Amino acid sequence: MPVSSGLPPTSTFEGEPVSAVVILAAGEGKRMRSSRSKLLHEIAGRSMLSYAVDAAAALQPEHVVVVVGHLREQVEAHLAEIAPHVTTVVQTEQRGTGHAVQVALAALPDLTGDVLVTYGDVPMLTADTLVALVADHRGARTSVSVLTARVDDPTGYGRIVRGAGDDVLAIVEDRDASEEQRGIDEINSGIYVFEPQTLREGLAQLRPTNDQGELYLTDVVALAREAGRTVSAYATADAWQTEGVNDRVQLARMNAEVNRRTLEAWMRAGVTVVDPATTWVHASVDLAEDVTLLPGTSLEGATSVAAGATIGPDTTLVDVEVGEGATVVRAHGSLAVIGAGASVGPYAYLRPGTVLGERGKIGTFVETKNASIGAGTKVPHLTYAGDVEIGEDANIGAGVIFANYDGVTKSRTRVGRASFVGSDSTLVAPVVVADGAYVGAGSTVTGDVGAGELAVSRGRQRNVAGWVARKRAGTKTAAAAEAAGASLAAGAGDGSADVAPDAPVPPPEQAQDVVHAPLTDQAVVPPGPDRPNTDERES
Ligand code: UD1
Ligand code: CA
């Protein structure tokens with residue numbers, strides 16, 4: 001059973017409902033230098049915007065409004081997919097954070113409860129912190145509460161200007177701040193709770209009298225003070241939660257931090273992570289006790305790993321279920337199931353629809369797709385298994401190809417329980433190999449094989465005595481043959497005599513030759529001319 005990651009549980013909000021959460025997401029995100037909206041760039045496999053929407057949803061507000069603008073078609077399409085319940089409002093011109101909230105409120109009915117404002121590009125902000133901010137706001141009975149953090153380098157952020165009694169007087173933007181105010185290390189996260197009347201009145205009075213000529217939401221704080229209202233600040237000890245992502249350097253840093261926290265939680269829950277720096281685990285992944293993650297492992301999507309399994313090194317699993325005690329080495333898998341005690345890799349590619357039974361094996365340089373491989377069945381080497389169903393305890397030899405595609409349609413192959421497919425065979429679908437059947441090595445199987453039968457289809461081996469002495473005279477091979485006592489007699493040295501009369505090449509229509517007798521021990525030779533290489537000089 002998977003255990004809890006120890007990650008903070010998602011709070012649900014108790015008490016008066018929040019009227020609206022407004023998520024600001026209209027800005028350009030210029031520093032990402034991307035044709036893709038900044039908000040769709042991902043942290044731990046999810047869009048930045050999805051974190052903001054999820055945190056908002058946890059408060060169960062009456063309305064969630066996302067203010068969109070730049071690249072809004074992309075953002076709207078994404079929201080329709082991940083959060084159809086949210087309302088989007090278009091801010092055609094980005095005239096500032098205050099203007100963005102004006103546009104949002106204009107799209108909503110009159111609100112009576114608290115209004116929360118957050119950003120779409122602050123992915124680490126948790127629902128817990130929003131809940132705590134609202135609780136603090138309500139406890140302090142203030143008109144505005146702002147989420148703040150103390151940071152080492154406050155450059156660029158709005159500063160929290162506090163009065164004598166620690167109450168908040170104003171928020172001053174970096175570019176508008178005095179030298180003294182720049183020294184303040186408590187920054188405005190841009191996340192607030194507003195009493196709705198205070199917000200409405202403040203928004204109505206905003207003027208673009210600042211360095212950027214914008215309508216600043218931060219000015220609502222000073223305006224509330226002027227109107228005799230109180231403003232409080234709730235400082236989070238976790239500054240990451242207030243951090244926005246503006247460029248890809250910050251994106252990578254935040255990704256690493258989120259991952260570090262996820263891994264730390266899993267390590268505390270009993271997972272061994274040999275190298276946290278090269279191990280990536282999405283929050284959606286479930287791990288059990290005594291799972292071991294080796295370096296270079298990336299676990300994504302709905303992947304789950306049961307107790308005692310070992311993953312890696314150098315393995316990526318997306319939406320893969322790994323059973324107890326299984327091992328997966330240097331593999332890439334998606335939408336696959338790996339049974340308990342099974343082994344995968346090294347160097348395996350499990351494509352969607354792969355189901356490997358308990359104690360089964362998908363070995364080295366094996367690719368599988370829509371492949372159900374029974375318990376205890378082994379596909380150990382160099383195989384393509386597409387659209388197959390293999391029963392329990394079967395053995396698939398090296399280099400077997402399940403040829404599933406004729407250029408037009410895909411067909412399935414079935415191999416029965418405890419059957420044995422010899423190396424270098426091609427099973428041309430649709431074809432059925434029954435329970436307890438054999439396919440001889442090097443066969444091309446185009447017709448069904450019955451229970452207990454052996455199918456073999458390949459050219460019979462013929463040995464041409466004296467060939468080396470005649471055709472390769474003077475080579476080291478010829479010398480070795482002579483030293484080994486090889487007969488020089490057979491054949492007259494004339495190419496026409498090369499075909500040994502006792503070894504006819506089967507005509508093509510006999511390509512699948514079902515025999516009921518055991519193969520001789522020398523029957524494994526590909527058909528073809530007697531020349532062992534492609535040297536054309538003598539032809
Ligand atoms: C803002 C705050 C600053 C705070 C910082 C925290 C103001 C005036 N300043 O500054 O005090 O420290 O956030 O990160 O509010 N947006 C819109 N429409 C607009 C403008 C902005 O939707 O017209 C959105 C942006 O997409 C972004 C957010 O609002 O998500 C913040 O905008 P940004 O321009 O980054 O504000 P900052 O200058 O960083
Ligand atoms: Ca910003």
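Position 1 is the first residue of the sequence, and the numbers go up from there. What you are looking at is a predicted structure, and each value in this text was computed from that prediction instead of being measured. Start at 1 and go down the list; that is how both ligands and their atoms are numbered.
Under 4.0 angstrom from ligand 1, the non-hydrogen atoms of Asp121 all belong to its side chain. Residue-level proximity to ligand 1 for Ala26 is carried by backbone and side chain together, each with a heavy atom below 4.0 angstrom. Of all the heavy atoms of Glu173, the ones lying under 4.0 Å from any atom of ligand 1 belong exclusively to the side chain.
Arg260 has a carboxylate O that lies under 4.0 Å from a charged side-chain N of Glu257, or vice versa, which qualifies the two as a salt bridge. A salt bridge links Glu186 to Arg162: at least one charged side-chain nitrogen sits closer than 4.0 Å to a carboxylate oxygen. A salt bridge links Arg138 with Asp114; the closest basic N to acidic carboxylate O contact falls under 4.0 Å.
In this structure, Gly244 does not count as a contact residue of ligand 1, since none of its heavy atoms falls inside 4.0 Å of the ligand. Residue contact annotation: His99 has no non-hydrogen atom under 4.0 Å from ligand 1. At a 4.0 Å cut-off, not a single heavy atom of Ile187 sits close enough to ligand 1 to count as contact.
Of the N and O atoms on the side chains of Ser232 and Ser145, at least one donor lies less than 3.5 Å from an acceptor on the other residue. A side-chain donor from one of Glu201 and Gln197 sits under 3.5 Å from a side-chain acceptor of the other.
Looking at Asp110 and Thr112, their side chains never come closer than 4.5 Å, going by heavy atoms from C-beta outward. Looking only at side-chain heavy atoms (C-beta outward), Val101 and Leu105 come within less than 4.5 Å of each other. At least one side-chain heavy atom of His41 sits under 4.5 Å from a side-chain heavy atom of Met32. Put simply, the side chain of Val90 does not reach to within 4.5 Å of the side chain of Thr88, judged on heavy atoms. Contact of the Tyr119 side chain with the Leu125 side chain is not registered, since no non-hydrogen atoms from C-beta on lie closer than 4.5 Å.
Near Thr218, meaning under 4.0 Å from one of its heavy atoms, ligand 1 places the atoms 7 (C), 8 (C), 9 (N), 11 (O), 15 (O). For ligand 1, the atoms sitting less than 4.0 Å from at least one non-hydrogen atom of Ala100 are 17 (C), 18 (N), 22 (O), numbered in the order shown with element in parentheses. Using a 4.0 Å cut-off to heavy atoms of Thr97, the atoms of ligand 1 that qualify are 7 (C), 8 (C), 15 (O), 20 (C), 21 (C), 29 (O), 31 (C), 32 (O). Listed by number with element, the atoms of ligand 1 under 4.0 Å from a non-hydrogen atom of Gly158 are 3 (C), 4 (C), 11 (O), 12 (O). Below 4.0 Å from some heavy atom of Leu24 lie the following atoms of ligand 1, by number and element: 22 (O), 24 (C), 29 (O), 30 (O). Atoms of ligand 1 found under 4.0 Å from any heavy atom of Arg95, numbered from 1 in the order shown, are 23 (O).
Where the criterion is an N or O separation shorter than 3.5 Å, residue side chain and backbone included, Asn246 fails it with respect to ligand 1. Taking distance alone, with nitrogen or oxygen atoms compared against 3.5 Å, Glu93 stays at or beyond that limit from ligand 1. Considering backbone and side-chain atoms alike, Gly96 places an N or O below 3.5 Å from some N or O of ligand 1.
Selection from Tyr216, Tyr192, Tyr119, Tyr157 by nearest heavy atom to atom 2 (C) of ligand 1 gives Tyr119.
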